[in-house]
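All figures in this text were calculated on a predicted structure; none of them were measured in a lab. Hydrogens, waters and symmetry mates play no part in the numbers below; they use all other heavy atoms, side chains included. Numbers here are sequence positions counted from 1.
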Amino acid sequence: MTTADVVKERALWLARSEPDGDAALRDLESCAGGRRVAAVRARQQVEAELDDGPDRDSSLRAIQLLDELVVRLPA
């Protein structure tokens with residue numbers, strides 16, 4: 001399992017369970033180990049798996065969290 005896979009799964013879990021966006025972002029940043037590429041790849045994976053199913057809202061929230069994380073991490 002790659003770092004991006006771990007970040008993706010964590011983002012989806014946080015999107016479902018963590019109402020505090022700042023806490024979620026700190027958690028994701030730690031999970032990504034400060035690696036921007038892992039966050040970008042995780043976002044791509046969530047977007048590629050996005051569908052109209054019951055988890056759509058969680059997936060959209062995960063994408064939002066990952067977008068915010070990418071902005072925070074150094075290029």
Side-chain angles (χ1 to χ4, degrees):
M1 182 175 263
T2 68
T3 303
D5 294 329
V6 173
V7 172
K8 178 191 86 165
E9 292 303 318
R10 190 67 176 174
L12 289 167
W13 183 84
L14 288 166
R16 289 185 212 105
S17 62
E18 179 58 62
D20 181 0
D22 287 331
L25 285 172
R26 286 190 303 272
D27 190 334
L28 279 176
E29 188 170 2
S30 175
C31 185
R35 289 184 228 119
R36 189 172 193 263
V37 69
V40 169
R41 183 68 186 124
R43 190 214 184 276
Q44 290 171 338
Q45 290 174 355
V46 173
E47 186 175 36
E49 296 169 7
L50 188 63
D51 61 16
D52 288 330
D55 286 337
R56 183 175 174 81
D57 288 342
S58 294
S59 295
L60 291 172
R61 174 71 178 129
I63 288 171
Q64 180 184 18
L65 287 170
L66 291 164
D67 283 344
E68 292 176 32
L69 179 61
V70 167
V71 170
R72 282 187 176 202
L73 294 174

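Between T3 and A32, the shortest heavy-atom distance links the atoms CG2-O, 4.0 Å. Contact between A62 and A15 at its shortest, heavy atoms only, is N-CB, 3.6 Å. A pairwise comparison of heavy atoms in A42 and A4 identifies CB-O, 3.5 Å as the closest pair. Minimum interatomic distance between R36 and P74 (heavy atoms only, all atoms of both residues): CD-O, 3.2 Å.
Follow the hydrophobic side-chain contacts under 4.5 Å out from V7 and you reach L50 in the same cluster. L73 and V37 fall into different hydrophobic clusters, where Ile, Leu, Val, Met, Phe, Trp and Tyr residues are linked whenever their side-chain heavy atoms come under 4.5 Å apart, directly or through other members. No continuous path of ILVMFWY side-chain contacts below 4.5 Å connects V71 to L65, so the two sit in separate hydrophobic clusters.
In this structure, CZ in R43 is found 4.0 Å from CG in D67, a value given to the nearest 0.5 Å. Distance check: Q44 CD to L66 CG gives 10.5 Å after rounding to the nearest 0.5 Å. Summarising the geometry, atom CG belonging to L69 is positioned 12.5 Å from atom CZ belonging to R26; distances are rounded to the nearest 0.5 Å. Of the inter-residue distances, the one linking L14 atom CG with L25 atom CG reads 9.0 Å to the nearest 0.5 angstrom. Atom CD of E9 is separated from atom CD of Q45 by 8.5 Å, given to the nearest 0.5 angstrom. Between K8 atom NZ and S59 atom OG the span is 9.5 Å, to the nearest 0.5 Å.
A salt bridge does not link R72 with E68: none of the charged nitrogens is closer than 4.0 Å to a carboxylate oxygen. A salt bridge does not link R56 to D51: none of the charged side-chain nitrogens sits closer than 4.0 Å to a carboxylate oxygen.
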Inset, instruction - Take M1 and V6 through the side-chain contact (heavy atoms from CB on, under 4.5 Å) test and state the conclusion after the steps. - result: CA-CA 7 Å; M1 182 175 263; V6 173; 3.7 Å; yes
Inset, instruction - Start with the C-alpha distance between D27 and R10, add both sets of side-chain angles, then the distance that settles side-chain contact (heavy atoms from CB on, under 4.5 Å), and finish with yes or no. - result: CA-CA 9 Å; D27 190 334; R10 190 67 176 174; 2.5 Å; yes
Legend entry - Intermediate values then yes/no, side chain to side chain donor-acceptor pair (under 3.5 Å), D55 and S58: CA-CA 5 Å; D55 286 337; S58 294; 4.8 Å; no
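When side chains are defined from C-beta on, D57 does not count as touching R61, because their heavy atoms never get closer than 4.5 Å.
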